[in-house]
There are 2 protein chains.
Amino acid sequence: MKLQQLRYLAAVAQSGLNITAAAEKLHTSQPAVSKQLKLLEDELGFNIFVRSGRTLTKITPAGQQVIERAVKVLREVQNIKGISAELKGENAGVLSIGTTHTQARYVLPPVIQQFRQQYPDVKVQLHQGTSEQIAEMVALDRIDLAIATGAHDLFPGLVKVPCYHWNRHIVVPNNHPLAGIKKPTLKQLAAYPIVTYVFSFTGSSSLPLIFAKNDLVPNVALTAQDADVIKTYVRLGLGVGIVASMALDPSEDSDLTVIDASHLFPAHTTWMGFTRGGLLRRYMYDFIQMFAPHLNKRLLDRAAQAENHETFDGLFDDVQLPSK
Amino acid sequence: MKLQQLRYLAAVAQSGLNITAAAEKLHTSQPAVSKQLKLLEDELGFNIFVRSGRTLTKITPAGQQVIERAVKVLREVQNIKGISAELKGENAGVLSIGTTHTQARYVLPPVIQQFRQQYPDVKVQLHQGTSEQIAEMVALDRIDLAIATGAHDLFPGLVKVPCYHWNRHIVVPNNHPLAGIKKPTLKQLAAYPIVTYVFSFTGSSSLPLIFAKNDLVPNVALTAQDADVIKTYVRLGLGVGIVASMALDPSEDSDLTVIDASHLFPAHTTWMGFTRGGLLRRYMYDFIQMFAPHLNKRLLDRAAQAENHETFDGLFDDVQLPSK
DNA sequence: TACAGTTACGGACCGCGTAAGCATA
DNA sequence: TATGCTTACGCGGTCCGTAACTGTA
């Protein structure tokens with residue numbers, strides 16, 4: 001078994017089982033990839049891919065295992081090379097972030113701007129997607145850092161550190177009946193059509209569930225992936241918007257009335273995750289701290305070290321998380 | 001970077017920085033290893049080893065990092081090969097266990113005997129050592145399974161599952177004054193010289209600490225690594241022995257009086273640890289279950305999956321651990 | 001016929017082993 | 001002088017790229 005074979009395998013898996021495309025990404029010829037793949041399968045004694053005719057159609061169960069472990073191997077090899085770059089004090093590299101729309105659009109821009117000033121030679125790659133898509137990126141090792149809210153169980157194997165709390169806010173046009181009410185009740189809210197995130201969050205903080213606990217049924221008129229869309233429809237008078245606090249800009253949204261809804265809905269925590277045992281470059285530490293100032297190197301290292309909740313939770317007991 | 005280079009590196013690290021010895025283990029020539037090592041160092045751009053003259057004397061800090069990650073890579077590669085063996089239903093392989101004297105001498109023999117009957121083609125390697133030595137074996141990937149009591153913090157990165165509880169027992173010659181007492185007090189115990197394990201266990205269950213809590217100072221006459229030695233000195237009348245319950249055999253120790261000391265000292269838990277994300281062969285699952293019947297495949301898989309204490313602890317809440 | 005993967009073959013490269021060289025105890 | 005690492009060099013294997021072939025939409 002050669003590293004090259006694992007690289008080829010991973011590339012094929014990441015190219016939608018297209019050997020030709022993988023070969024191009026790898027800057028090599030298509031037969032080279034094809035042959036090494038076959039050699040690897042021969043050595044292992046089973047097929048990694050299911051072939052219908054000559055095209056690869058899907059991954060066998062055992063093949064899935066092999067790919068996952070191959071990705072781990074390659075990540076670790078990258079880490080070894082990273083040690084070298086880190087030692088030479090190189091401030092160049094890539095910072096690959098997988099995150100949701102809210103972070104990418106509202107929270108990250110100033111952080112990334114500041115980061116780029118300090119590290120002009122680090123390329124920042126922003127991969128936006130749903131929680132599921134981000135989990136996929138983590139599995140295929142395409143990102144260094146995941147930033148998300150909720151959905152803890154989608155990301156096993158990641159070290160997850162809390163970054164900040166946030167609350168939901170209600171947005172209505174300035175002439176809306178709710179606009180004059182400082183602390184609307186759930187009942188008042190339920191009287192109007194609601195525009196909010198798709199399936200916003202599962203579990204105890206799910207919106208329908210909170211209404212249901214008070215024997216109310218929300219009239220969800222429209223759900224969207226992101227706050228921009230939601231606000232647009234609120235402006236059109238389609239309903240009352242419920243969005244994340246970060247997604248509001250006093251100047252941009254001056255035509256809307258914003259009402260704090262922290263008395264109605266529990267606070268959420270946005271967290272950041274990275275691979276356990278992964279190599280964190282200096283610029284990554286710095287990025288994380290720019291994003292969440294309480295996350296200093298020492299704390300992060302201890303979080304990465306801690307393997308069980310007992311030791312892990314204690315780490316953040318003394319930390320007052322910022323609210324946004 | 002080649003897998004071969006990482007293999008050579010790991011072998012050198014495991015051979016006490018002796019290239020010649022490593023080359024022999026690898027069934028290759030010494031210059032081959034030497035050259036590949038140098039090539040690897042060249043590629044990385046720094047030295048992994050400190051050389052005084054031509055001999056390797058120690059590992060550089062960065063080198064230590066590289067070695068640790070190289071070991072991870074090689075382990076993962078082994079796992080990939082293991083998938084193949086598992087798929088073919090091969091019941092052959094190696095089961096490498098790192099453990100302490102008490103387990104190796106008293107607890108494991110019947111388990112291993114049973115295991116060997118079911119899997120005659122699996123070679124069992126028993127590596128005996130102190131907790132520190134076992135941790136070292138884990139780090140250098142020499143063992144699949146660690147079995148120990150206490151010392152959790154020495155084994156970060158291992159999935160640790162509880163196996164059974166045990167208590168300390170007091171052993172005295174049949175003619176000893178304590179022999180007639182069913183439930184001796186700490187005070188009575190402190191009146192005699194004591195023979196027990198070296199530094200038995202740190203923390204709250206440390207023997208001197210328990211005495212100290214009752215304003216007593218134990219007269220520890222002699223400490224030894226294992227129960228056999230302790231019993232020998234008890235037979236010689238050197239003092240009162242305090243040993244693990246597993247270390248007593250009714251027939252072998254008929255010349256000694258055994259007194260349960262569970263009312264004096266808290267119970268210990270013996271646990272078993274394996275690498276997170278490691279490949280567990282079928283025979284490993286079976287071995288573990290032979291050792292601790294409550295640890296079935298499903299429970300182990302969930303334990304390996306669980307990353308934080310919250311989910312982890314719940315797993316064993318319903319399990320009644322056996323006592324020995 | 002266009003597309004994707006496999007097979008075939010020649011050339012470049014690389015890693016190994018042997019043998020000789022060199023530093024240290 | 002013995003031990004242990006490095007350097008030198010020739011051989012064999014391996015991997016790649018080009019090109020021709022084959023099965024599929």
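Convention: sequence-line order gives letters A, B, ...; per-chain numbering from 1.
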message: Using whole Å, what does the distance between atom P of nucleotide dT14(D) and atom CD of Q36(A) come to?
response: 11 Å

message: Please determine whether a side-chain nitrogen or oxygen atom of N18(A) lies at a distance below 4.0 Å from atom OP1 or OP2 of dG5(C).
response: yes

field: Nearest-Å distance for atom pair CD/P, residues Q4(A) and dC14(C)
entry: 12 Å

message: Output the rounded distance in Å from CG (L39(B)) to C1' (dG15(C)).
response: 9 Å

message: If you assign A21(B) and G53(A) each to the DNA chain D nucleotide with the nearest heavy atom, which residue ends up on the more 5' nucleotide?
response: A21(B)

- request: Could you check how far CZ of R54(B) sits from P of dA2(D), rounded to whole Å?
  value: 19 Å

- request: Under 4.0 Å between any heavy atoms, over every strand shown, what does Q30(B) touch: base, sugar-phosphate, or nothing? Just pick one.
  value: base

- prompt: The side chain of S29(B) lies closest to which of these nucleotides: dT18(C), dT7(C), dC15(D)?
  reply: dT18(C)

- prompt: Whole-Å distance between dG4(D) P and L56(B) CG?
  reply: 12 Å

message: Please report whether the ring centroid of F287(B) lies less than 6.0 Å from that of Y283(B).
response: no

Among dC16(D), dC16(C), dC14(C), the nucleotide that comes nearest once only the side chain of K2(B) is considered: dC14(C)

- request: Measure from CG on L26(A) to P on dC15(D) and round the result to the nearest Å.
  value: 15 Å

message: Any base atoms under 4.0 Å from F49(B), or only sugar-phosphate, or nothing? Heavy atoms, all strands.
response: nothing

field: Flag for Q4(A)-R7(A): side-chain donor and acceptor within less than 3.5 Å
entry: yes

field: Whole angstrom value for the distance that separates P of dG17(C) from CD of E24(B)
entry: 13 Å

message: Let me spell it out: for each of V33(A) and T55(A), pick the nucleotide of DNA chain D with the closest heavy atom. Which residue's pick is nearer the 5' end?
response: V33(A)

query: Where the side chain of T20(B) is concerned, which of dG4(D), dC16(D), dG17(C) is the nearest nucleotide?
result: dG4(D)

query: What heavy-atom pair brings V138(A) and I143(A) nearest, and what distance separates the two atoms?
result: CG2-CD1, 3.7 Å

Atom-to-atom span, CD1 of I19(B) to P of dA23(C) - whole angstrom: 17 Å

- prompt: The side chain of T28(B) lies closest to which of these nucleotides: dG15(C), dC16(C), dG17(D)?
  reply: dC16(C)

- prompt: Which nucleotide sits closest to the side chain of P31(B): dG5(C), dT18(D), dA19(C)?
  reply: dA19(C)

message: Do R302(A) and Q305(A) pair up side chain to side chain, a donor and an acceptor below 3.5 Å, judged on atom types alone?
response: no

task: To the nearest 0.5 angstrom, please state how far the CG atom of L108(B) sits from the CD atom of Q103(B).
output: 6.0 Å

